[in-house]
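The structure appears right after this line, and notes come after that.
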2 protein chains.
Amino acid sequence: MAVYTDVSENEVTAFLADYGLGKLLSYKGIAEGVENSNFLLRAEGGTYILTLYEKRVDRNDLPFFIGLMEHLAAEGLSCPLPVKNSHGLALGELAGRPAALFTFLEGMWTRRPTAGQAWQVGEALAGMHLKGQDFALQRPNALSVAAWRPLYEGCGPRTAEVEAGLSAEIESELAFLEANWPSNLPTGVIHADLFNDNVFFLQGELSGLIDFYFACNDILVYDLAICLGAWCFEQDGAFNITKGRAMLEGYNSVRSLSVEELEALPILCRGASMRFMLTRLYDWIHIPDTSFVTKKDPKEYLQKSRFHRQVRSVADYGFTSQLLNQ
Amino acid sequence: MAVYTDVSENEVTAFLADYGLGKLLSYKGIAEGVENSNFLLRAEGGTYILTLYEKRVDRNDLPFFIGLMEHLAAEGLSCPLPVKNSHGLALGELAGRPAALFTFLEGMWTRRPTAGQAWQVGEALAGMHLKGQDFALQRPNALSVAAWRPLYEGCGPRTAEVEAGLSAEIESELAFLEANWPSNLPTGVIHADLFNDNVFFLQGELSGLIDFYFACNDILVYDLAICLGAWCFEQDGAFNITKGRAMLEGYNSVRSLSVEELEALPILCRGASMRFMLTRLYDWIHIPDTSFVTKKDPKEYLQKSRFHRQVRSVADYGFTSQLLNQ
């Protein structure tokens, strides 16, 4: 989490001139988002987030991301709303980078989620899936099953440094996932990165979702599998079935899960574990230790992968047939 | 510039409970200040800066720093005002660290100061010197002339890596400064670090001073010498006499400079150059390249030191006898 680009008052003032928000009062680089530079900006017209898109984000994807936030906000989802300038555009340029201004979302991300919060995340995720249904743009998931083997191969022989036997374990699991990955489940726009630092709460109530820069089109319940992995494990690596049940119930209360989706959940959770283990492994191997980036532990998702491999059915995630029959 | 300590919503909420500012709405780590962790905090009662004091700041100095800001704000200086909690205290504890809440100061620091801004900085600095006169607490300057030789010796033989002959040049200059440092000039509370990132402007007008964590008791015009070095040189290292004149005039318009102070200015500027060259040199040698801290170039102040050594009188800084006789 870092500010990558510093910008001068003159640059920000020139950028802001097109927005009709009055005079610039202040802007502070904030430690939020790892792909972009973010500033908390105060103008006479209010408080906003100014985002500068750095190299890791493909400029061609920006109309999808910004259009999606506009679409979801218009549908009633609480998320940062891109502000349009006097030319009707939400995307501008600042300090040689694409830049956009967003409404400020009050709230804080939770370091230790409760079961009640897991329920609300499930509910909000299902709401996002429904609200995203008629979004016109498409963006394939660049980090889905087809991408994992090349990612793994890019990690090279240093994989063995993480744990003896890891290469064989990954290869076996990759073969299983490639052979059995579901192709008949409902798809749509997914968030694909709804970790706890991307969900804000205010006095215990979910106040909004942020950071749509991994959003894409993919299997809807794959998004739920990502959230189960991100929200329902404890610090010691144990799955918390109370949180799992809460998240599934919260999701199901807004968008009913089909039998096919429920049956596919264990393999989707295995896939989500593979995806985050591999990107972390790749960064662990390729990002120098001297970097500003805080590297995350690939082993955390190796442990989660092993849990999901011994799951027999969604009952092990806390989902009950009673709920299914409601 | 980095956030060193992450804090949870529960910790911030508990801290804020004593302040009567209503519910916590958000807090974001901001890239401001190098010694402490700073958060831009929004509560129902307004927008504030929350500062957590890290190890580099001596806890025993905090009553001086916080008391000084209270004193200066009460005297009408625009600076962050420490907010007192329901126990009447401005200093609390959060996440095991001393912590304080400050009013939010609108404005932005300027990357490319103008002569008009240099004038305003001189004016504000003199105002701070006058307003600080009856502040009761004392804090000796830990980075004044007596500290420079130990600091230089702590740099060791790697000093020569910066530039051939640098050790001899520093030793000669140190001997001159130690032998000739003035002892008869007016003293008082000085800011001691009034660089351009510690002065905010709003629509061209100075809106306030921040970061009093080097403030101490020392020769008043030594503070002006620090500012001449920080504000009146161009990127290419050349002294800008127009900015120098503006800063001296601005200062003199609020607090009249005596003949003794003016005559001492060149040696004080040489001292200020030595102080910043040495702390930069020390960091350059001792802070590993892998650190988060952006290291500043000691050569910048070596070049400034050489300029000040060939100055004949304050006329070379733009100060005219006409002004002196006003």
Side-chain angles (χ1 to χ4, degrees), chain A residues 1-13 16 22-33 37-44 46-47 49 95 104-114 117 196-197 199-205 207-208 210 287-294, chain B residues 1-13 16 22-33 37-44 46-47 49 95 104-114 117 196-197 199-205 207-208 210 287-294:
Chain A
M1 299 198 295
V3 178
Y4 292 95
T5 301
D6 187 36
V7 289
S8 74
E9 180 187 349
N10 289 345
E11 289 172 309
V12 180
T13 300
L16 202 66
K23 287 173 185 164
L24 176 64
L25 299 179
S26 66
Y27 62 98
K28 313 271 185 200
I30 59 172
E32 203 154 278
S37 302
N38 287 293
F39 298 86
L40 203 158
L41 181 150
R42 289 163 60 90
E44 288 175 324
T47 298
I49 297 288
F104 182 81
L105 200 64
E106 301 284 11
M108 288 139 289
W109 62 272
T110 180
R111 275 72 177 168
R112 293 190 181 179
T114 62
Q117 289 174 316
N196 56 343
D197 53 346
V199 180
F200 287 174
F201 291 90
L202 207 48
Q203 277 83 57
E205 298 297 312
S207 63
I210 65 163
I287 295 181
D289 286 330
T290 58
S291 162
F292 275 70
V293 177
T294 307
Chain B
M1 298 198 296
V3 178
Y4 291 95
T5 302
D6 188 35
V7 288
S8 74
E9 180 187 349
N10 289 345
E11 289 173 309
V12 180
T13 300
L16 203 66
K23 289 174 183 163
L24 176 65
L25 299 179
S26 65
Y27 63 97
K28 314 270 186 202
I30 58 173
E32 203 153 278
S37 302
N38 287 293
F39 299 85
L40 204 160
L41 181 150
R42 288 163 61 90
E44 288 175 324
T47 297
I49 296 288
F104 183 81
L105 200 64
E106 301 284 12
M108 288 139 290
W109 62 272
T110 178
R111 276 72 177 167
R112 293 191 182 180
T114 62
Q117 289 173 318
N196 56 343
D197 52 348
V199 181
F200 288 174
F201 291 90
L202 207 49
Q203 276 84 57
E205 297 299 311
S207 62
I210 65 164
I287 295 181
D289 285 332
T290 58
S291 162
F292 275 72
V293 177
T294 307

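Computed over heavy atoms, backbone and side chain alike; hydrogens, waters and symmetry mates excluded. Chain identifiers are assigned alphabetically (A, B, ...) following the order of the sequence lines, protein sequences preceding nucleic acid strands; residue numbering begins at 1 within each chain.
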**Asked** Among A:G107, A:S8, A:S207, which has the most heavy-atom pairs under 4.5 Å with chain B?
**Response** A:G107

**Prompt:** Is it the side chain or the backbone of B:L40 that comes within 4.5 Å of chain A heavy atoms, both, or neither?
**Reply:** side chain

**Request:** Could you tell me which non-hydrogen atom of B:I210 sits nearest to which non-hydrogen atom of B:F200, and how far apart they are?
**Result:** CD1-CZ, 3.7 Å

**Prompt:** Which region of A:T47, side chain (C-beta onward) or backbone (N, CA, C, O), has a non-hydrogen atom less than 4.5 Å from a non-hydrogen atom of chain B, or is it both or neither?
**Reply:** side chain

**Message:** Would A:L105 and A:I49 count as a side chain to side chain contact (heavy atoms under 4.5 Å, CB included) here? Give the steps.
**Reply:** CA-CA 9 Å; A:L105 200 64; A:I49 297 288; over 6 Å; no

**Asked** Looking only at atom types and distance, does a side-chain atom of A:Q203 sit under 3.5 Å from a main-chain N or O of B:L24, one as donor and one as acceptor?
**Response** yes

**Message:** With a 4.5 angstrom heavy-atom cut-off, is it the side chain or the backbone of A:L25 that approaches chain B, or both, or neither?
**Reply:** both

**Prompt:** Quick one: does B:R111's side chain get under 4.5 Å of A:D6's, heavy atoms only?
**Reply:** yes

